[in-house]
Number of protein chains: 2
Amino acid sequence: MAMKLPSRPVPLDGEPLGRGARKQLTRERLLDAALTLMSRGHSFPSLSLRELTREAGVVPTAFYRHFRDMDELGLALVEECGLTLRRLLREARKGGVPTHDIIRHSVAIYLQYVRAHPRQFRAATSERSGGSPAMRQAIRTEVGHFVREMAQDLRQLGFRPDLPSETLEMICSLVVNTMLNAASDILDLPPEQPQLARELEANFVGQLRLIFLGAEQWRAEPGAP
Amino acid sequence: MAMKLPSRPVPLDGEPLGRGARKQLTRERLLDAALTLMSRGHSFPSLSLRELTREAGVVPTAFYRHFRDMDELGLALVEECGLTLRRLLREARKGGVPTHDIIRHSVAIYLQYVRAHPRQFRAATSERSGGSPAMRQAIRTEVGHFVREMAQDLRQLGFRPDLPSETLEMICSLVVNTMLNAASDILDLPPEQPQLARELEANFVGQLRLIFLGAEQWRAEPGAP
DNA sequence: GTTTTCAGTGAACACTTGTTGACATTGGAT
DNA sequence: ATCCAATGTCAACAAGTGTTCACTGAAAAC
């Protein structure tokens, strides 16, 4: 008699994982597969469920044990990328702020971080204006959190304590937009063109300098002289 | 005997159009259909050829008389949107520059223009980082043209004649990124929420003010004191 | 030790997709 | 008036899609 092949939930793992842990593992595999496929040029809305599960090494129907549909996976993905972004900010906070040439230094750190997490950043920048309305909204919210956190950090660092939070956030939102644009540009660069990369980096540094130059000059109350 | 239905290239048009004109017309219909579908939430890479031709009111195979594949249509679309952008700049140039409250005025004009061409702007901002690599590159080039043109305009207006073109373009690229982000934000707003729209507009104005404040303070040679 | 829960499997469905080839119709050059 | 090229239509294809259903096997609950 022909026996059915046994289900192999974790084919390559010797560790005796618990059931819940196993579930979370394949869930992460699915998210990971999405990031990988996106980093190969696919844009999220053009990903098919089957393609995704194929890449994840699971059968199509297994998908439904984790997400209702692709939109739900998209939202989870956004959350994950948001987490990556926050980690960046947290690490930057820990590292302390160098007193000299802050911007150039921060840019170097940031770009290094971007290159270390290309898939997350490509996904984030790519779906920021590309995905479904729900996904765009989610990303917008996530970016909003990031902006607020950054503004708070600036305040805590004693930067322009006279400015209201609104204004600080307006400035930070400009900074974040510039950062994300730069990330997108960097990741689209031909693989090994250090000259272009340096130009782009210089441009990026210049733009941030410009912004902070403006921020230092900003009058506290633009309405009244 | 069953006669084939006659082909009706222009079902609703009484005008006896020339042949070339007819071709261009359905070509425009295809491009238009793409814009329409995109403005309904679809992102370009997830558009199917059949969906497109259905919306355009043509049979799927007719597509190939105009474009080799969807990528080619995408490039044509980028070109069209680029044209729209340039027209904006040209009109702005014609209109002259108000001496007072330039930025607020320009922003109002710009947002009005964005709202008048929502589909083009949604497509442009959406595919800027979302589409195929070729499409992204095309958009990048188009935006680059726009930036250079804007920098030239600024120079001709006598703005910071001491700065090298490189620096001017760096500034303009920051401005353009901010403009496109603002467009994307505006178009994603819930249909009738004038309060949010005004907040967003104020934010936008603030960011541009900040940029130009920084630009006025920018030292001509950041390397040497 | 028995039972229950549940992540994962495989086959099947109704459908849409991109692309091909063989016609039709017609504007424009001859 | 006649032919040609080009624009468009129809029918058909293989392949891929999302989703369903009944089933399995082992971890967890009893």
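What you see is a predicted model; the values in this text were computed from it and never measured. Residue numbering restarts at 1 for every chain, and letters A, B, ... go by the order of the sequence lines.
Listed by first then second residue, pairs satisfying salt bridge (charged side-chain N to carboxylate O under 4.0 Å, His left out) with a partner in residues 190-204 of chain B number zero, not counting sequence neighbours. Listed by first and then second residue, the salt bridge (charged side-chain N to carboxylate O under 4.0 Å, His left out) pairs involving residues 49-67 of chain A are A/Arg40-A/Glu55 (not counting sequence neighbours). Contacts classified as ring-ring contact (aromatic ring centres under 6.0 Å, His included) and involving residues 53-94 of chain A (residues at least two apart or in different chains) are given here: A/Phe63-A/Phe67. Listed by first then second residue, pairs satisfying salt bridge (charged side-chain N to carboxylate O under 4.0 Å, His left out) with a partner in residues 165-180 of chain B read B/Arg148-B/Glu169, not counting sequence neighbours.
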Can you give one letter per nucleotide of nucleotides 11-18 of chain C, 5' to 3': B if a protein heavy atom sits under 4.0 Å from the base, S if only from the sugar-phosphate, - if neither? BB----BB
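Between the side chain of A/Asp69 and the backbone N or O of A/Glu72 there is at least one donor-acceptor pair closer than 3.5 Å. Not one N or O on the side chain of B/Ser46 forms a donor-acceptor pair closer than 3.5 Å with the backbone of B/His42.
Rounded to 10 degrees, the angle separating the terminal helix axes of the helix from C/dG1-D/dC30 to C/dT30-D/dA1, each built from five base pairs, is 20°.
In this structure, the CG atom of B/Leu30 is 12 Å from the C1' atom of D/dT7, given to the nearest Å. Look at CG on A/Asp69: it is 7 Å from P on D/dT19, rounded to the nearest Å. Taking atom NZ on A/Lys23 and atom P on D/dA27, their separation rounds to 17 Å, with Å as the unit. When rounded to the nearest whole Å, the span between CZ of A/Phe67 and P of C/dA7 equals 13 Å. Distance, B/Leu25 CG to C/dG27 C1': 15 Å, rounded to whole Å. Between the CZ atom of B/Phe63 and the P atom of D/dT7 there is a distance of 15 Å, rounded to whole Å. As rounded to whole Å, 12 Å separates atom P of C/dG8 from atom CD of A/Gln24.
Applying the ring pair (Phe, Tyr, Trp, His ring centres under 6.0 Å) rule to A/Phe146 yields no partners; only residues at least two apart in sequence or on another chain are considered. Scored by the ring pair (Phe, Tyr, Trp, His ring centres under 6.0 Å) test, A/His117 finds A/Tyr113 as partners (sequence neighbours excluded). For the salt bridge (charged side-chain N to carboxylate O under 4.0 Å, His left out) test, residues two or more places apart in sequence or in another chain that qualify with A/Arg93 are A/Glu149, A/Asp153.
When the nearest nucleotides of DNA chain C are assigned to B/Gly20 and A/Arg65 by heavy-atom distance, the more 5′-ward of the two goes with A/Arg65.
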Please report, to 0.1 Å, the donor-acceptor pairs under 3.5 Å made by any side chain of residues 174-183 of chain A, with sequence neighbours excluded.
unit_1   : atom_1 : unit_2   : atom_2 : d
A/Asn177 : OD1    : A/Arg128 : NH1    : 3.0
A/Asn177 : ND2    : A/Ser173 : O      : 3.4
A/Thr178 : OG1    : A/Leu174 : O      : 2.8
A/Asn181 : OD1    : B/Arg128 : NH2    : 3.4
A/Asn181 : ND2    : A/Asn177 : O      : 3.3

Contacts under 3.5 angstrom, residues 137-145 of chain A side chains, donor-acceptor by atom type, not counting sequence neighbours:
unit_1   : atom_1 : unit_2   : atom_2 : d
A/Arg140 : NH1    : B/Asp185 : OD1    : 2.2
A/Arg140 : NH2    : B/Asp188 : OD2    : 2.3
A/Thr141 : OG1    : A/Gln137 : O      : 3.0
A/His145 : ND1    : A/Arg86  : NH2    : 3.2

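A heavy atom lying under 4.0 Å from DNA chain D marks none of the residues of residues 32-40 of chain A.
The phosphate of D/dA26 (OP1 or OP2) has no side-chain N or O of A/Arg19 nearer than 4.0 angstrom.
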